[in-house]
Chemist: 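Please find one structure pasted underneath; my questions will follow.
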Amino acid sequence: PAAIDQPVLSSADLPRPGFLGGEIYAAETHVCRVLDKLDGADPPLTRPELIRRYNEIASDKNFARVAFGKTYDCSFDDWFQDRTFVDTLDPAQDENAVPLCAKGAQKNVTVFNVREWVTLA
């Protein structure tokens, strides 16, 4: 039998911010892409400078305004403070939620691992 052409899904197919699952799109679009640019900087940033910039992104109070169109200040760290590596659509969002990886309910999402969370989610 001939192979069935299957569409390839990408982040462009994810729900937009404000909809169920929109955090994945927002994190990839407004955080991961910036982190990718920092990691690929030419000339490369020193490790301490890279960490400083990551922390700057994580604490930027404009995150909720830019990523979600909110009218209040809220940083990435604040927005994701209780987010762990569990299924983003699981209403439990606790140790009973479907984990995205081993011990996912105990692994907090941070600016340093958000790309892994986006990939797994």
Side-chain angles (χ1 to χ4, degrees):
I4 297 173
D5 288 333
Q6 294 291 326
V8 176
L9 299 177
S10 71
S11 60
D13 298 300
L14 290 169
R16 296 300 179 255
F19 294 93
L20 192 59
E23 291 95 353
I24 303 164
Y25 175 85
E28 181 176 34
T29 302
H30 300 286
V31 177
C32 297
R33 290 181 185 170
V34 176
L35 298 177
D36 290 343
K37 286 181 184 177
L38 288 176
D39 288 347
D42 187 25
L45 299 173
T46 64
R47 180 93 175 127
E49 178 63 13
L50 198 58
I51 290 170
R52 185 187 73 73
R53 297 269 190 96
Y54 270 52
N55 286 325
E56 200 174 79
I57 291 164
S59 62
D60 181 357
K61 295 292 185 187
N62 285 317
F63 173 74
R65 292 178 187 276
V66 173
F68 297 106
K70 300 297 182 185
T71 59
Y72 54 83
D73 293 340
C74 184
S75 69
F76 171 89
D77 279 345
D78 292 337
W79 189 276
F80 281 84
Q81 71 182 354
D82 296 323
R83 177 72 65 196
T84 59
F85 277 68
V86 297
D87 184 345
T88 59
L89 302 179
D90 191 319
Q93 291 299 301
D94 60 16
E95 65 278 350
N96 297 313
V98 176
L100 297 174
C101 61
K103 298 185 181 181
Q106 289 83 43
K107 185 174 182 177
N108 292 325
V109 177
T110 70
V111 73
F112 296 98
N113 66 17
V114 68
R115 288 179 280 201
E116 178 187 5
W117 177 80
V118 165
T119 300
L120 294 173

Chemist: Ignoring hydrogens, what is the shortest heavy-atom contact between A92 and D90? Give both atom names and the distance.
Modeler: N-OD1, 2.9 Å

Chemist: Treating Ile, Leu, Val, Met, Phe, Trp and Tyr as nodes and any side-chain heavy-atom pair under 4.5 angstrom as an edge, say whether V118 and F63 lie in one connected cluster.
Modeler: yes

Chemist: Is there a path of hydrophobic side-chain contacts, each under 4.5 Å between heavy atoms of I/L/V/M/F/W/Y residues, joining V31 to V66?
Modeler: no

Chemist: Can you confirm whether Y54 sits close enough to D39 that some side-chain heavy atom of one is under 4.5 Å from a side-chain heavy atom of the other?
Modeler: yes

Chemist: How long is the gap from NZ on K103 to SG on C101, to the nearest 0.5 Å?
Modeler: 11.0 Å

Chemist: When you measure from the side chain of N55 to the backbone N and O of R52, does any donor-acceptor pair fall under 3.5 Å?
Modeler: no

Chemist: On a heavy-atom basis, which atom in D78 and which in K61 lie closest, and how many Å separate them?
Modeler: OD2-NZ, 2.8 Å

Chemist: Just verifying a value: how many Å separate E28 CD and L35 CG, rounded to the nearest 0.5 Å?
Modeler: 11.5 Å

Chemist: Looking only at non-hydrogen atoms, find the nearest pair between G104 and P99 and report the distance.
Modeler: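 In terms of heavy atoms, the two residues are closest at N-CB, 4.1 Å.
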
Chemist: Between atom CG of N113 and atom CG of N108, what is the distance when rounded to the nearest 0.5 Å?
Modeler: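 CG of N108 is found 8.5 Å from CG of N113.
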
Chemist: What's the separation between atom CD1 in I51 and atom CZ in F112, rounded to the nearest 0.5 Å?
Modeler: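 If we round to the nearest 0.5 Å, I51:CD1 and F112:CZ are 6.0 Å apart.
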
Chemist: Applying the 4.5 Å side-chain criterion to the ILVMFWY set and letting contacts propagate, would Y72 and F76 be lumped into a single cluster?
Modeler: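 They do share one cluster, since a chain of ILVMFWY contacts under 4.5 Å joins Y72 to F76.
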
Chemist: Would the distance check show the side chain of Q93 and the main-chain N or O of D87 forming a donor-acceptor pair, the cut-off being under 3.5 Å?
Modeler: yes

Chemist: Do E49 and L38 touch side chain to side chain, with heavy atoms closer than 4.5 Å?
Modeler: no

Chemist: I want to check something: taking the side chain as every heavy atom from C-beta on, are F85 and E116 in contact at a cut-off of under 4.5 Å?
Modeler: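 Touching, per the 4.5 Å side-chain cut-off.
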
Chemist: Once rounded to the nearest 0.5 Å, what's the spacing between atom OG1 of T84 and atom CH2 of W117?
Modeler: 10.0 Å

Chemist: Report whether W79 and V86 are members of the same hydrophobic cluster (ILVMFWY, side-chain heavy atoms less than 4.5 Å apart, transitive linking).
Modeler: no

Chemist: Could you report the tightest heavy-atom contact between V114 and C32, atom names first, then the distance?
Modeler: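 Scanning both residues completely, I find the closest heavy atoms to be CG1-SG, 3.9 Å.
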
Chemist: Of the non-hydrogen atoms in D94 and A105, which two are nearest, and what is the gap between them?
Modeler: O-CB, 3.9 Å

Chemist: If you measure from CD1 on I57 to CG on N62, what distance do you get to the nearest 0.5 Å?
Modeler: 13.0 Å

Chemist: Test of understanding: with salt bridge (charged side-chain N to carboxylate O under 4.0 Å, His left out), list the residues that count as partners of E95, not counting sequence neighbours.
Modeler: none

Chemist: Do F80 and T110 have side chains that approach each other closer than 4.5 Å (heavy atoms only, starting at C-beta)?
Modeler: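 Answer no - side chains too far apart.
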
